[in-house]
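This report concerns only the one structure given below.
Every heavy atom of this structure was used, including side-chain atoms; hydrogens, water molecules and symmetry mates were not.
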Amino acid sequence: TPDGSNAYVERLRIDNTGALWQRTNSTATSSYYKWGDGTTAYSQIGGYYDSSTTGHLAFYTLSTTLQERMRITADGLVGIGFTPTYLLDVYNATSATSRVASDASATLKVQRSSNDSIGAAVQITKSRGTVASPSTVSTGDGIGNMQFRAFGGTAERGVASIAGEVGTYTSDSDIGG
């Protein structure tokens, strides 16, 4: 493709193994592919340089604007909704409801294999404020709820639950631990 001069520069190559390569130079910060109608990009996948030796892969979709929806970092961390700090980070400002479902087996397994006495953990955390700026809980705040439900033929019904709630709160020492 022309670069503004009379010389042609290779931008895309399909090698003899069928691999697709997009050529970038050492000053490029990103390389991406867009899908759309030629005017509007409806989705995009991009590879981005974070430094001279690392990068990340980002996935975008169009709602009203093209927005990053998922990122895989150079460390292999996956973030859905924002840049991850854990192996899998999922964030949504209005709802973080997720589901593991199957017609055969749906198991959410937390396993720790190590040579020490520390077991696996499921942690449910409550704060007021936001994820980025948490603030103190108050008396009566629900901390979390684990529900056990069964389908009775026409609807799901709760059969048992475990719930945590803040009792009288005046300082951090009031919260058990």
Side-chain angles (χ1 to χ4, degrees), residues 30 32 34-36 40-48 50-51 54-177:
S30 66
Y32 51 87
K34 292 183 177 186
W35 291 267
T40 303
Y42 297 106
S43 60
Q44 173 178 311
I45 297 175
Y48 299 85
D50 296 327
S51 70
T54 66
H56 70 273
L57 186 61
F59 299 81
Y60 296 77
T61 60
L62 179 71
S63 180
T64 52
T65 60
L66 197 62
Q67 297 178 34
E68 183 176 331
R69 305 297 183 176
M70 184 173 79
R71 176 180 293 205
I72 303 173
T73 68
D75 309 10
L77 306 179
V78 176
I80 300 172
F82 70 133
T83 302
T85 54
Y86 294 95
L87 187 58
L88 176 62
D89 256 344
V90 179
Y91 174 79
N92 183 297
T94 58
S95 173
T97 301
S98 299
R99 178 168 78 167
V100 176
S102 170
D103 287 335
S105 174
T107 302
L108 179 60
K109 181 178 181 179
V110 178
Q111 177 177 339
R112 177 183 166 97
S113 299
S114 63
N115 292 324
D116 58 27
S117 62
I118 301 169
V122 174
Q123 179 178 328
I124 299 173
T125 303
K126 161 69 176 164
S127 68
R128 289 182 174 239
T130 65
V131 171
S133 182
S135 59
T136 306
V137 295
S138 295
T139 299
D141 279 0
I143 301 299
N145 185 351
M146 185 175 294
Q147 299 180 3
F148 301 87
R149 303 178 65 81
F151 186 76
T154 59
E156 272 187 23
R157 303 280 185 218
V159 294
S161 67
I162 301 169
E165 182 178 290
V166 176
T168 303
Y169 178 81
T170 57
S171 70
D172 283 353
S173 62
D174 290 339
I175 298 176

Between [Y] and [X], is there a side-chain heavy-atom distance shorter than 4.5 Å?
| X | Y | value |
| --- | --- | --- |
| K126 | P134 | no |
| T40 | L62 | yes |
| Y42 | L66 | no |
| I72 | H56 | no |
| I143 | V166 | yes |
| P84 | T73 | yes |
| I118 | R112 | yes |

| message | Considering only residues two or more places apart or on different chains, which pairs with a residue in residues 143-169 satisfy salt bridge (charged side-chain N to carboxylate O under 4.0 Å, His left out)? | response |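 Only R149-E156 qualify under salt bridge (charged side-chain N to carboxylate O under 4.0 Å, His left out).
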
Between [X] and [Y], what is the shortest heavy-atom contact and its length?
| X | Y | answer |
| --- | --- | --- |
| S127 | V137 | CA-CG1, 4.0 Å |
| A58 | Y48 | CB-CE1, 3.8 Å |
| T54 | A74 | CB-CB, 3.8 Å |
| V159 | A150 | CG1-CB, 4.3 Å |

Mind checking the [atom1]-[atom2] spacing from [X] to [Y]? Nearest 0.5 Å is all I need.
| X | Y | atom1 | atom2 | answer |
| --- | --- | --- | --- | --- |
| Y60 | R71 | OH | CZ | 6.5 Å |
| I162 | I124 | CD1 | CD1 | 8.5 Å |
| L77 | L88 | CG | CG | 9.5 Å |
| R69 | S63 | CZ | OG | 5.5 Å |

| Test item: S138 side-chain N/O and D141 main-chain N/O as donor-acceptor pair under 3.5 Å |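 Side chain of S138 to backbone of D141: no pair is present.
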
| query | Is a side-chain N or O of D89 found less than 3.5 angstrom from the main chain of T85, in a donor-acceptor match? | reply |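 Between the backbone of T85 and the side chain of D89 there is a qualifying donor-acceptor contact (under 3.5 Å).
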
| said: Enumerate the ring-ring contact (aromatic ring centres under 6.0 Å, His included) contacts for residues 64-89, please, sequence neighbours excluded, ordered by first and then second residue. | reply: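 Found F82-Y91.
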
| task | Report yes or no: do R128 and S135 form a side-chain donor-acceptor pair below 3.5 Å? | result |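 S135 and R128 do not have a side-chain donor-acceptor pair below 3.5 Å.
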
| Residues, nucleotides or ligands: over 12 heavy atoms within 6.0 Å of N115 CG |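 Not more than 12 within 6.0 Å, no.
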
